[in-house]
Amino acid sequence: MAAPVTPPRGMRDFLPNEKAVREHALGTIRRSFAAHGFDEIETPVMEDSARLHSGLGGDNEKLGFAVLKRGLSPVEIAAAAESGDLLSLADLGLRFDLTVPLARFYASHRAELPAVFRSIQIAPVWRAERPQKGRYRQFIQCDIDIIGEAGPLAEIELISATTAALDALGLTGCSVRINDRRILASLLGHWNVAPELAERALITIDKLDKIGVAGVVTELGGLGIDTEGIAETLAGMPGLGWDAAAPAWLDLAAYSDLRALRDALPATRLVFDPTLVRGMGYYTGTIFEIAHPELGYSLGGGGRYDGMIGRFLGTDVPACGFSIGFERIVDLLGVTGAADPDAVVLIHEKDADPAALVALKTALVATGLRVRLERRTKNVKALLDRAAAAGYGRYAFVTSETRAPSSLEFRPLGDSADRH
RNA sequence: GUGGGUAUAGCUCAGCUGGUAGAGCAUCCGGUUGUGGUCCGGAAGGCCGCGGGUUCAAGCCCCGUUACUCACCCCA
């Protein structure tokens, strides 16, 4: 058996028709974001290892691909193995999201950017996860971020631009779940959860829709949290809605801010969900996620991270972002290639004159057509089916008598069942 | 990191209670068919993922391993 030829685990090759669908979707998203006043930027795929592991990335930090320093000596490697700190052998890492690189980018280029900067990033990120449906080790994220806007305008613009992009893709049925870190903080305070347990407790709360009230109570108890009265609070959380009679644990200021967002976005299905958490440690205020009724995972998410840029810049700058999980969107769209009548296939004999063929093709290209040459095989049907699947709309046979494009007789390509 | 499923031709898959490897599609060749998407015939293509074990005999049973895949964890 030959050496394996599959791509690395969790990473994929894309066939021509898949690539075409992806590029089409990316173009749609890009145009939609740009129309809403965002500007596209690009950053390197790697960042300093120390920056990626600054504690802001939550669990994702553990999933980062590290890049070894060049020219390591056996002594250094042995020392790292001895100390158990293998990460010290890496000085760079592949980015696991686009937010941490953006914060560094902004800190680096602040002087050249507008006071309120609206960025687009459409780029791959890497996480060393166990792959499964909707989860890959290399995947594209489509992020928009607004830096320098502390008020709700940022959230409103981000949510409306993102839902506009989803609409442009023809994706229906999506809703946006929304919550606020301040609400989660007041909830944990109400339960007297120790700060060092807060992160674990939040992740557990996030699972409420999956494991139920009893499951969450058990898991919280396992963390060492006093679960007295927690079940009652939990039971009332999912259906709370927009007109709740303010339970004691609810941060009223944050709740009121969320209601204002809801009022500002009448066209969006905005669902208040106090159990929404999100894993990234850097969120400080609003958090949101795109939900789809057919999927058990989210199609994207984001939130406000007012503290992050200050870690790189020294002074705090408010920031908020929204990320679309491109791979999950594409999986949902499926592969549909429409036939292009301006894309034609020229079928020629094995012994056709190459110079004449290319001259003929060039003449057709000059008229605005997309032209592919195909050597005639015994099985013409298979050849034509493949061309049709690749989006070609017409075909013609080239013979030794074919001199000019006008002598070609084009026929439509398509389902072979309805023609013969 | 944890658990389940799968692994046979380029692709999609059969292969019965263990008995020397099969189909369809694709490829190539010959013929047929109104300058052509039809049909007929033929050929080529396999360490049955890899390594052990049981057996007279293993694609099939047992153990291990690797890869893929689904779910959990976590996440887009």
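Quick note on labels: first sequence line is chain A, next is B, and so on, each numbered from 1. Heavy atoms only: backbone and side chains are in, while hydrogens, waters and symmetry mates are out.
- Phosphate contact (OP1/OP2 of B:C29, side-chain N/O of A:K350, threshold under 4.0 Å): present.
- Considering only side-chain atoms of A:R9, the nucleotide from B:C74, B:A67, B:A76 that sits closest is B:A67.
- Distances from the side chain of A:E129 to the nucleotides B:C70, B:G37, B:C75 place B:C75 closest.
- Within the structure, salt bridge (Lys or Arg N to Asp or Glu O under 4.0 Å) pairs that include any residue of residues 177-187 of chain A comprise A:R177-A:D273, A:R177-A:E289, A:D180-A:R182, A:R182-A:D257 (at least two apart or interchain).
- Across B:C62 and B:A43, the matching P atoms stand 38 Å from one another, rounded to whole Å.
- Atom name P, nucleotides B:C16 and B:U54: the rounded distance is 24 Å, in whole Å.
- Partners of A:K207 according to the salt bridge (charged side-chain N to carboxylate O under 4.0 Å, His left out) rule, which considers only residues two or more places apart in sequence or in another chain, are A:E219.
- Atom CD1 in A:I290 sits about 11 Å away from atom P in B:A76, given to the nearest Å.
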Pairs under 3.5 Å (N/O, protein and nucleotides 1-4 of chain B):
{"residue": "B:U2", "atom": "O4", "partner": "A:R130", "partner atom": "NH1", "Å": "3.4"}
{"residue": "B:U2", "atom": "O4", "partner": "A:R130", "partner atom": "NH2", "Å": "3.2"}

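- Evaluation of the ring-ring contact (aromatic ring centres under 6.0 Å, His included) rule for A:Y136 yields no partner, not counting sequence neighbours.
- In this structure, A:R278 reaches the B:A76 phosphate: one of its side-chain N or O atoms is under 4.0 Å from OP1 or OP2.
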Do any N or O atoms of the protein come closer than 3.5 Å to N or O atoms of nucleotides 32-35 of chain B, and which pairs are they?
{"residue": "B:U32", "atom": "O4", "partner": "A:K378", "partner atom": "NZ", "Å": "3.4"}

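- Candidate nucleotides B:C28, B:C74, B:C70 were compared by shortest atom distance to the side chain of A:R200, and B:C74 ranks first.
- Here B:C68 presents its P atom at 14 Å from CZ of A:R12, a figure rounded to the nearest Å.
- Atom C1' of B:C72 sits at a distance of 33 Å from the matching atom of B:A14, rounded to the whole Å.
- In this entry the distance linking NE2 of A:H292 with C1' of B:A76 reads 15 Å, nearest Å.
- Under a cut-off of 6.0 angstrom, the local environment of CD in A:E42 is sparse, with at most 12 non-hydrogen atoms contributed by other residues, nucleotides or ligands.
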Please list every donor-acceptor pair under 3.5 Å in which a side-chain atom of residues 145-153 of chain A meets a protein atom from a residue at least two apart or in another chain.
{"residue": "A:D145", "atom": "OD2", "partner": "A:Y305", "partner atom": "OH", "Å": "2.6"}
{"residue": "A:E149", "atom": "OE2", "partner": "A:G151", "partner atom": "N", "Å": "2.9"}

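- If you measure from atom CG of A:N379 to atom C1' of B:C25, you get 10 Å, rounded to the nearest angstrom.
- B:G45 and B:G64 have their P atoms separated by 37 Å, given to the nearest Å.
- Whole-Å rounding puts the A:I203 CD1 to B:C72 C1' distance at 15 Å.
- A:E219 comes within contact range of no nucleotide atom at all, as no heavy-atom separation falls under 4.0 Å.
- In this structure, A:Y395 atom OH and B:G36 atom C1' are separated by 7 Å, rounded to whole Å.
- Here A:F326 does not pack flat against the base of B:A76, since the 5.5 angstrom centre distance and 30 degree tilt limits are not both met.
- When rounded to the nearest whole Å, the span between NZ of A:K381 and P of B:C40 equals 14 Å.
- A salt bridge between A:E327 and A:R12 is present, with a side-chain N of the basic residue lying under 4.0 Å from a carboxylate O of the acidic one.
- Rounded to a whole angstrom, the distance from the C1' atom of B:C48 to that of B:C61 is 15 Å.
- Among the protein residues, A:R386 comes within range of the sugar-phosphate backbone only, with heavy atoms under 4.0 Å from sugar or phosphate atoms but none that close to a base.
- Listed by first then second residue, pairs satisfying salt bridge (Lys or Arg N to Asp or Glu O under 4.0 Å) with a partner in residues 223-240 of chain A number zero, not counting sequence neighbours.
- Atom P of B:A9 sits at a distance of 14 Å from the matching atom of B:A21, rounded to the whole Å.
- Remark: A:F33 engages no residue in a ring-ring contact (aromatic ring centres under 6.0 Å, His included) (not counting sequence neighbours).
- Across B:A57 and B:G5, the matching P atoms stand 29 Å from one another, rounded to whole Å.
- For the salt bridge (Lys or Arg N to Asp or Glu O under 4.0 Å) condition, the pairs that include at least one residue of residues 151-174 of chain A, sequence neighbours left out, are A:R118-A:E157, A:E155-A:R304.
- Across all strands shown, A:L299 has heavy atoms under 4.0 Å from sugar-phosphate atoms exclusively, and none from any base.
- In this entry the distance linking OH of A:Y136 with C1' of B:C70 reads 13 Å, nearest Å.
- Nucleotides B:C50 and B:A67 are separated by 15 Å at their P atoms, to the nearest Å.
- Taking every side-chain heavy atom of A:Q141 into account, B:A76 is the closest of B:C28, B:A76, B:G37.
- When atom types are taken as modelled, the side chain of A:N179 and the backbone of A:L276 share a donor-acceptor pair closer than 3.5 angstrom.
- Partners of A:H24 according to the ring-ring contact (aromatic ring centres under 6.0 Å, His included) rule, which considers only residues two or more places apart in sequence or in another chain, do not exist here.
- Taking the six-membered ring for Trp and thresholds of 30 and 60 degrees, A:F322 and A:F288 have ring planes inclined between 30 and 60 degrees apart.
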Subject >> Bracket notation of RNA chain B in which parentheses pair within the strand, [ ] cross earlier pairs, and | pairs with another strand (Watson-Crick or G-U, under 3.5 Å) >> reply: (((((((..((((.....[..)))).(((((.......))))).....(((((..]....))))))))))))....
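- The residue among A:G301 and A:T377 whose nearest nucleotide of RNA chain B is located toward the 5' end is A:T377.
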Could you list the donor-acceptor pairs under 3.5 angstrom formed by side chains in residues 356-371 of chain A, with sequence neighbours left out?
{"residue": "A:T362", "atom": "OG1", "partner": "A:V358", "partner atom": "O", "Å": "2.7"}
{"residue": "A:T367", "atom": "OG1", "partner": "A:L364", "partner atom": "O", "Å": "2.6"}
{"residue": "A:R370", "atom": "NH1", "partner": "A:D340", "partner atom": "OD2", "Å": "3.2"}

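- Between the side chains of A:D91 and A:S49, no donor-acceptor pair is found at a separation under 3.5 Å.
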